[in-house]
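Structure record follows, encoded as structure tokens.
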Amino acid sequence: MNTLKKINSESTELPDCIISHIFSLLSLKNLVKTSALSKQWYHEWGLRKDLTFDLHNMFDYSTVPELPTTLPPFQQIQFQFAASLYNFMQTYPGDMISSIRVKFPLGIDHTYAIDGLIHKGVLKGANRIELLFACETDFNIQPYKFLFPFLSGPNSLTYLHLQNCHLAATMEFSGLKNLRTLVLTIVPVKQNMLHYLFFNCIHLENFSLNQCLFLSDLKITSPSLLHLNINCGPIISWRNIDIIASKLLSIEFSSDCNYDRSLRMVNIKSHMLFKFSYKCGNISNLVDFSGLRNVTTIEFDGLRECLQSEVITHLFSECLQLQDVTFKECKIKCDMKISGSRMENVYNFGTIARLHLLEDLTMHLGLSQISELRKDLVRFQNLRQLKLFIVGAYKPERDYLWILDIAMASPHLQKLSLTIINGNSKTSHMVGSQRQREHVRFIHKELKYVELHGCVCSITVIELASHLLRSATLLKQITFSSRHNFYIGAGRWTLDFDGCCWFERNFIHEHLKDEVNEQCRLIIL
């Protein structure tokens, strides 16, 4: 307060940004006192837009004290806190509130103060509200009932965290259409509540359930949800949960209970799910691995069952797209064997073909998949970048002119990359030296860069390069490299230093030197 008196004596006018910063450093109790320093400052404390209500801010304690251990003194502090909270919001002069955070064990007896807080916060445009009413105490505090009576109309709320509250059966969710993040902690949850929640919260992206009591089986059905976090803690649950969310990207699950008392994820339908984090003693019979088919990153923490029989077997037979797997503080009870192989026919070509608006596409495939791929990739008229990785034993009759069909059908294609890996090093890919067939002539005005990696020193690949040099009128660079550049996940690429089984720079140069114009560079690594 001495600092404020000094500032007031030296200057009668300060920019709002400076005053707001000064006020942000004060407890709410001292913030209200600033109105007594100057008539000019009578309403200035309303510039504080982020409001935090806790013991330090409400009572100006230099350190946060421990709550009383006997009931009468505890109830007295509760009464004082609720009354101060109510009076502050009744006299708050600001035109706008950005966020509200309450961290104190209030309950249903203090509904008048909590309702007033929410009402005024919503009217003044608060986009973040946190009501943290839990505390470490043996006192029985009947939870506050959150009715949403003030959220039935338009509002700016995007973040809501409720702790130790009850959601009323008659609760109205229609006013939460702008909500992006919802965190429920120590809140009883029923399926009918979730049904109305996801029906009305059409923009909800982040949903967390922390130590909640599940009163029924649950079904999380949301077309907008991106991230789901379930932390059961020590709460015992025999419930099942279905997760049906078409845009869901990640699931984080943790529980301190044994496997027969934990939540079971029996049905996961989220085809975009790529990250799954699981912290629990057991996983067998608790998670449907078939719902993790497209997951690329998995982390297990604290597993206590046999990993080989209960985890590894299911994991690598169901999760075909895995790139990163982490076992953290898991108990190893037996020898483990982890093996993986490049699987063919894992693509759902019908699904891929429907994604015709794709601009950037990377595909790993075997030779047996080329015929089906050729029919579908010509539908991608918006492609700007295409990377193909082809693995398999070389066949002399195999040519790559079908890639020209894709280029013809993709007028916006700017970069084309082809990596060929000879799956059988005993089979040489260097066959013949004569051009074998022609392809229909076409003009491409967007293609600028072509990269050919791996086993590309063959007449069939040189034929492909020759056609591209003649057809791509603005081609700037075409590169031949004998090394296999292969993506293995998590931002990492392999680099095969053994390279191509046969690579002759002069052979490539002699066949293409007359077809490279002055605007294009031919690079042979």
Side-chain angles (χ1 to χ4, degrees), residues 1 23-24 26-37 41-61 64-65 67-68 71-135 137 139-153 155-157 159-168 171-172 175 185-187:
M1 296 302 295
F23 288 163
S24 69
L26 301 177
S27 68
L28 296 183
K29 185 175 181 180
N30 277 336
L31 183 65
V32 176
K33 292 180 180 179
T34 61
S35 60
L37 295 177
W41 279 25
Y42 186 77
H43 295 290
E44 293 296 320
W45 60 280
L47 293 173
R48 175 84 165 262
K49 296 179 175 60
D50 297 301
L51 306 180
T52 298
F53 302 92
D54 54 23
L55 282 174
H56 168 69
N57 276 289
M58 297 299 285
F59 301 126
D60 197 24
Y61 291 132
V64 178
L67 291 171
L71 186 58
F74 175 76
Q75 290 178 327
Q76 181 65 26
I77 287 186
Q78 276 189 313
F79 173 79
Q80 292 177 3
F81 189 100
S84 297
L85 173 64
Y86 178 80
N87 291 332
F88 180 93
M89 294 307 298
Q90 290 299 309
T91 56
Y92 178 76
D95 296 326
M96 180 182 297
I97 295 176
S98 297
S99 67
I100 293 174
R101 187 174 191 267
V102 181
K103 188 176 182 181
F104 188 83
L106 298 178
I108 195 169
D109 293 336
H110 316 102
T111 296
Y112 74 98
I114 302 171
D115 282 354
L117 172 75
I118 299 173
H119 186 199
K120 198 154 192 177
V122 170
L123 288 178
K124 292 183 179 293
N127 54 53
R128 184 183 182 102
I129 294 179
E130 298 176 77
L131 304 180
L132 312 180
F133 297 149
C135 71
T137 178
F139 304 133
N140 183 19
I141 303 174
Q142 189 173 357
Y144 165 74
K145 287 188 178 181
F146 200 78
L147 295 171
F148 285 77
F150 315 116
L151 298 176
S152 58
N155 61 80
S156 303
L157 195 62
Y159 183 101
L160 179 63
H161 186 175
L162 302 178
Q163 183 187 71
N164 199 29
C165 298
H166 275 181
L167 304 181
M171 195 169 64
E172 177 62 58
T185 302
I186 318 178
V187 174

Verdict with reasoning, Leu131 to Phe146, per side-chain contact (heavy atoms from CB on, under 4.5 Å): CA-CA 10 Å; Leu131 304 180; Phe146 200 78; 3.6 Å; yes

Smallest separation among heavy atoms of [X] and [Y], with atom names:
{"X": "Ala113", "Y": "Ala82", "answer": "CB-O, 3.4 Å"}
{"X": "Phe53", "Y": "Leu117", "answer": "CE1-CD1, 3.7 Å"}
{"X": "Val187", "Y": "Asn164", "answer": "CG2-N, 4.3 Å"}
{"X": "Pro143", "Y": "His166", "answer": "CG-NE2, 3.9 Å"}
{"X": "Gly121", "Y": "Ile97", "answer": "CA-CD1, 4.2 Å"}
{"X": "Lys120", "Y": "Gln90", "answer": "NZ-O, 3.5 Å"}

Pairing residues for His161 by the side-chain hydrogen bond (donor to acceptor under 3.5 Å, both in side chains) criterion, not counting sequence neighbours: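 For His161, the residues satisfying side-chain hydrogen bond (donor to acceptor under 3.5 Å, both in side chains) (neighbours in sequence not counted) are Thr185.
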
In residues 98-107, what donor-acceptor pairs under 3.5 Å come from side-chain atoms, sequence neighbours left out?
{"unit_1": "Ser99", "atom_1": "OG", "unit_2": "Asp50", "atom_2": "OD1", "d": "2.7"}

Over 12 non-hydrogen atoms of neighbours within 6.0 angstrom of NZ in Lys145: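 Not buried by this count: 12 neighbours or fewer within 6.0 Å.
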
Non-hydrogen side-chain atoms of Met89 and Leu51 separated by less than 4.5 Å: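 In short, these two side chains touch, coming nearer than 4.5 Å.
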
Side chain to side chain contact (heavy atoms under 4.5 Å, CB included) partners of Thr111, counting only residues at least two apart: Ile108, Asp115, Tyr144

Residue list, side chain to side chain contact (heavy atoms under 4.5 Å, CB included) with Ser84, at least two apart or on another chain: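 Side chain to side chain contact (heavy atoms under 4.5 Å, CB included) list for Ser84, sorted by chain: Met58, Phe59.
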
CD-CD distance between Gln78 and Gln80, expressed to the nearest 0.5 angstrom: 11.0 Å

Straight-line distance of Asp54 CG to Thr52 OG1, nearest 0.5 Å: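 Nearest 0.5 Å value for the CG-OG1 distance: 6.5 Å.
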
Show me, pair by pair, the donor-acceptor contacts under 3.5 angstrom made by side chains of residues 122-129, not counting sequence neighbours?
{"unit_1": "Lys124", "atom_1": "NZ", "unit_2": "Gly94", "atom_2": "O", "d": "2.6"}
{"unit_1": "Arg128", "atom_1": "NE", "unit_2": "Glu130", "atom_2": "OE2", "d": "3.2"}

Worked verdict on Ile141 versus Phe133 for side-chain contact (heavy atoms from CB on, under 4.5 Å): CA-CA 10 Å; Ile141 303 174; Phe133 297 149; over 6 Å; no

For Tyr112, ring pair (Phe, Tyr, Trp, His ring centres under 6.0 Å) partners two or more places apart: Tyr86

